[in-house]
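Here's the structure we're looking at; comments come further down.
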Amino acid sequence: MKKLLSLLCALSLALSLGACAGKGDADPLAKMSLEDVLAASLKDVPNLPDSNPTALTADDFEFFAFAPYQEGYEGIQADALISAMPHSVVLVRVPADKAGEVAETMREKADPRKWICVEAEKTVVDRCGGTILLVMSNGETANAILTNFKALYGETPTEDELKIPEPAGDLLGADIPPAEVVEVDENGFPVDAAPAG
């Protein structure tokens, strides 16, 4: 009986070590540096834009993570070096008891149009224990990064998590009436509105 009980306890412990983000108490990413988590999350992602991973400071934490900085928070960002390319990967580490709240704030406030002239196709927020991933990029890139991140704690993304959103309406898809042809004079003024003179 003792052997069976010991075996069940060992099995239960092994299963809980593979769990993450509310599915158990273990956090397999806690012993990895954010730099290592980032490198593993970006590994073999095709068509990844050039970036220069940089540690977040108290001053720029909220700009990249969309959540206010508090003492003890740490983060790293890997935005595309070309600002006309909408691509941002951010990892933050916060105390596990605050991670759910911080992740929800990031999900609500993340702005896929932070580049002003361009917009990321997909925004992803995922967490394991106190480590939170935020990706804003094209759909395929975001999905590849999410897949790598989840693999670090032994999970795979669901079909819903891998859905790429339909593009929002924009001027390219809008019904714009055809341009009106207007006759102009030698100075470029419309003939019917040429200045008197």
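All values reported here derive from a predicted model rather than from experimental measurement. These numbers come from the heavy atoms of this one structure, side chains and all, not from hydrogens, waters or symmetry mates. One-based numbering along the sequence shown.
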- request: Would you please name every residue forming a side chain to side chain donor-acceptor pair (under 3.5 Å) with K109, sequence neighbours left out?
  value: none
task: Only pairs at least two apart or in different chains count here, so list each ring-ring contact (aromatic ring centres under 6.0 Å, His included) that has a residue in residues 109-146.
output: none
- request: Please say which of V89, L42, T131 ends up in a side chain to side chain contact (heavy atoms under 4.5 Å, CB included) with F149.
  value: T131
- prompt: Where the side chain of D27 meets the backbone of G130, is there a donor-acceptor pair that is under 3.5 Å apart?
  reply: yes
- request: Please state whether the rings of Y69 and F61 are parallel, tilted or perpendicular, taking 30° and 60° as the class boundaries.
  value: perpendicular
- prompt: Any chance CG of N47 has more than 12 other-residue heavy atoms, nucleotides or ligands included, within less than 6.0 Å?
  reply: no
field: D60 side-chain N/O to T57 backbone N/O, donor-acceptor pair under 3.5 Å
entry: yes
message: I'd like to know if the side chain of N148 reaches the main chain of K43, judged simply by a donor and an acceptor atom lying under 3.5 Å from each other, with no hydrogens or angles considered.
response: yes
message: Grouping I, L, V, M, F, W and Y whenever their side-chain heavy atoms are under 4.5 Å apart, do L133 and M32 come out in a common cluster?
response: yes
query: Would you find a donor on one side and an acceptor on the other, under 3.5 Å apart, between the side chain of R113 and the backbone of E119?
result: no
query: When you check the gap from the basic side-chain N to the acidic O, do K98 and E101 get nearer than 4.0 Å?
result: no
- request: Using the salt bridge (charged side-chain N to carboxylate O under 4.0 Å, His left out) rule, collect all pairs that involve residues 71-80, keeping only residues at least two apart or in two chains.
  value: D79-K114
message: If hydrophobic clusters are built from ILVMFWY residues whose side chains come within less than 4.5 Å, do V45 and V125 share one?
response: no
message: With a sphere of 6.0 Å drawn around CG of L81, does it hold more than 12 non-hydrogen atoms of other residues, nucleotides or ligands?
response: yes
- prompt: Between T141 and S137, is there a donor-acceptor pair closer than 3.5 Å when you use the side chain of the first and the backbone of the second?
  reply: no
- prompt: Does a donor on one side chain sit under 3.5 Å from an acceptor on the other, for N138 and K122?
  reply: no
message: I'd like to know if the side chain of E121 reaches the main chain of G139, judged simply by a donor and an acceptor atom lying under 3.5 Å from each other, with no hydrogens or angles considered.
response: yes
- prompt: Just by modelled atom types, is the N52 backbone N or O under 3.5 Å from a matching donor or acceptor in the T54 side chain?
  reply: yes
